[in-house]
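Data block below; observations after.
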Amino acid sequence: MSCKIDTVVQKHDLDISQAGYGDIDEYLLQRWTGEDGRPAEGYRSLTEWFNKRLLKRVYDEHNRQTTGVKLESEYDVLQSKDELTRQELEDDLRTTGIDADEVTADMISWSTMRHHLNDCLDGTKEMETADSDWERKSVEIASEQVEEKAVEAVRSLSSKGEIADSGEPGIAVNVNLSCPECHVQTPFSKAVERGYVCGDHAHDDPENGDGEPTRSL
């Protein structure tokens, strides 16, 4: 049984325009593992690439402008929760014969990409070495897993009628680090970038406190 990615590729006859890759699957697998000599990419970035490739294909089929900036901007609108802006774009797309709902329905999630790479393509990825940014990737993977479980739980509650069904709500999981000395919280990525959680206690002796920041999802 074909997975959603296979179905979408066949439905829209998606191909790869970059030299060195035979087809979409080869591109995704090599970009995920880094076997093409470039830095390996994660599920989310490959998911975004695939969805934008799909959108460009649909635009090309309907002779709609597909410059990089325009495509990026309109993709963001289709993914956003701003109903007014999204409705304006949907109306505009309709004038060129594009059904926005059908296009977004064909777009995939990162969990679909993960399934395709690991199960459909039997892909494997080597363990990260100590100097390959594995810490950031571990937090990203943990956040993705929490997000996936939250989506499943919300869908279940919706089917039971415990949450009003007005479309699937957006779920965002962020990892924050809390200073052990005060109430300051800082996003994980920002704390790593600047090298500390709280500026007021960045140089405190760990022996005087808990020694480790607390973490919250």
Heavy atoms only: give me the nearest Thr33-Thr124 pair and the separation to one decimal.
CG2-O, 3.4 Å
Is Leu14 reachable from Ile108 through a run of I, L, V, M, F, W or Y residues, each pair having side-chain heavy atoms under 4.5 Å apart?
yes
Do any pairs count as a salt bridge (Lys or Arg N to Asp or Glu O under 4.0 Å) and have a residue in residues 14-25, sequence neighbours left out, and if so which ones?
Asp15-Arg53
Tell me if a side-chain donor or acceptor on Lys56 pairs with a main-chain N or O of Thr66 at a distance below 3.5 Å.
no
Any ion pair linking Arg57 and Asp60 (charged N to carboxylate O, less than 4.0 Å)?
no
Run through Leu55, Leu54, Val58, Asn51 and flag the one making a side-chain contact (heavy atoms from CB on, under 4.5 Å) with Asp106.
Leu54
Please identify each residue that fulfils side-chain hydrogen bond (donor to acceptor under 3.5 Å, both in side chains) with Glu61, with sequence neighbours left out.
none
Please name all residues satisfying salt bridge (Lys or Arg N to Asp or Glu O under 4.0 Å) with Asp99, sequence neighbours left out, ordered by chain then number.
none
In terms of heavy-atom contacts, Tyr43 and Met113 come closest through O-CG, 3.9 Å
Compare every heavy atom of Thr186 with every heavy atom of Val197, then report the nearest pair and how far apart it is.
O-OG1, 2.7 Å
Atom CD in Glu26, atom CD1 in Ile16: separation rounded to 0.5 Å?
9.5 Å
With sequence neighbours left out, which residue pairs that include part of residues 78-116 fulfil the ring pair (Phe, Tyr, Trp, His ring centres under 6.0 Å) condition?
none
Under the side-chain hydrogen bond (donor to acceptor under 3.5 Å, both in side chains) test, residues paired with Arg31 that sit two or more places apart
Asp36, Glu41
Salt bridge (Lys or Arg N to Asp or Glu O under 4.0 Å) involving Asp119 - partner list, sequence neighbours excluded
none
Hits for salt bridge (Lys or Arg N to Asp or Glu O under 4.0 Å) against Lys4, two or more places apart or cross-chain, chain-then-number order -> none
Residue pairs fulfilling ring pair (Phe, Tyr, Trp, His ring centres under 6.0 Å) with at least one residue in residues 84-105, sequence neighbours excluded:
none
Suppose the criterion is ring pair (Phe, Tyr, Trp, His ring centres under 6.0 Å): which pairs have a residue in residues 48-96, not counting sequence neighbours?
Tyr27-Trp49
If you round to the nearest 0.5 Å, how far is CG of Leu89 from OG of Ser73?
8.0 Å
Exam field: side chain Thr95 to backbone Asp92, donor-acceptor pair closer than 3.5 Å
yes
What heavy-atom pair brings Arg114 and Asn118 nearest, and what distance separates the two atoms?
O-ND2, 2.8 Å
So, using side-chain hydrogen bond (donor to acceptor under 3.5 Å, both in side chains) as the criterion, who are the partners of Arg86 when residues are at least two apart?
Glu90
What's the separation between atom CD1 in Ile5 and atom CG in Leu28, rounded to the nearest 0.5 Å?
6.0 Å
Taking all non-hydrogen atoms of both residues into account, name the closest pair between Leu93 and Leu78 and its distance.
CD1-CD2, 4.3 Å
List for me each residue that meets salt bridge (Lys or Arg N to Asp or Glu O under 4.0 Å) alongside Lys52, sequence neighbours excluded, and say none if there are none.
Glu48, Glu72
Distance col, row Ser80:OG vs Glu74:CD, nearest 0.5 angstrom, shows 12.0 Å
Please report the shortest heavy-atom distance between Ala40 and Trp32, naming the atom on each side.
CB-O, 3.2 Å
Could you walk me through whether Asp6 and Gln10 pass the side chain to side chain donor-acceptor pair (under 3.5 Å) check?
CA-CA 6 Å; Asp6 291 330; Gln10 294 174 10; 5.8 Å; no
Looking at Ala100, is its backbone amide N or carbonyl O close enough to the side chain of Thr104 to form a donor-acceptor pair, meaning the two atoms are under 3.5 Å apart?
yes
By side-chain hydrogen bond (donor to acceptor under 3.5 Å, both in side chains), Ser111 pairs with (sequence neighbours left out) Ser109
